[in-house]
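Note that ligands are numbered from 1 as they come in the structure, with each ligand's atoms numbered from 1 the same way. Everything numeric in this text was worked out from a predicted model, so none of it was measured.
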Amino acid sequence: MKKIAVLTSGKSRGSNFLAIYNHIKENKLEINIDFLLVTDMDSPVVKLAQERSIDVILINPEMKINDFLIYLFTSSDIDLIVLAGFMRKINSSFFAKIKIPVVNIHPALLPKFGGKGMYGMKVHQAVFDSKEDISGATVHYVNAEYDKGSIILQETCDISDCVSPEEISQKVLKIEHSLYIEAIKKILF
Ligand code: GRF
């Protein structure tokens, strides 16, 4: 059985967490979500995890996030760390000490529309403003630079008929939900 940990931050909605969980269960995959990490116990994703009997760990607010992550993953038997709406920076000291691969999903086609400050609706607004005909999602490895780790999988969608950033976000989110688990399987098996 492979073990993964899902990391979120803020008021995480948890739709990617749920899509990953559902795919694992429906397909009886040999993957266990060992725990969900959050920065806010009031975020919707906490309820989703608790209803499915997945342990929820709250990042100790008295510790720096990076230090907490090093503390948590030192001597851990987790095979893969999955960021799903985790908006905090992981520093190079983490990657120097922890050798567990870390992946993220970005709601656009990297390397375009990535980097510092490019998250959530800001990404879709930028794509919309650039009058792009195509957008999509990217799963990539995480390193100490925002959205710069190597790309694992990408999928595109036609957004030429989208009349708002919200519409783009809905189309892209649909892709995210199937793409992320495909990338996870690709890495683990
Ligand atoms: C997703 O759009 C993902 O691309 C980004 O954060 C968002 C998380 O959404 N990294 P959800 O909490 O999984 O619904």
Practice problem: Ignoring hydrogens and angles, state whether a donor on the side chain of Asp158 or Ser160 is under 3.5 Å from an acceptor on the partner side chain. | Solution: yes

Quiz item: Tyr119: what forms a side chain to side chain contact (heavy atoms under 4.5 Å, CB included) with it, not counting sequence neighbours?
Solution: Met87, Lys122

Quiz prompt | side chain to side chain donor-acceptor pair (under 3.5 Å) involving Glu155 - partner list, sequence neighbours excluded | solution = none

Quiz item: Taking any residue with a non-hydrogen atom under 4.0 angstrom from an atom of ligand 1, which ones do you get?
Solution: Ser12, Arg13, Gly14, Ser15, Asn16, Gly85, Met87, Ile105, Pro107, Glu176

Quiz item: For Ser43 and Val38, which heavy atoms make the closest approach, and how far apart are they?
Solution: OG-CG1, 4.4 Å

Quiz item: In chain order, what residues pass the salt bridge (Lys or Arg N to Asp or Glu O under 4.0 Å) check against Lys186, with sequence neighbours excluded?
Solution: none

Quiz prompt | Donor-acceptor side-chain pairing of His140 and Lys148 below 3.5 angstrom | solution = no

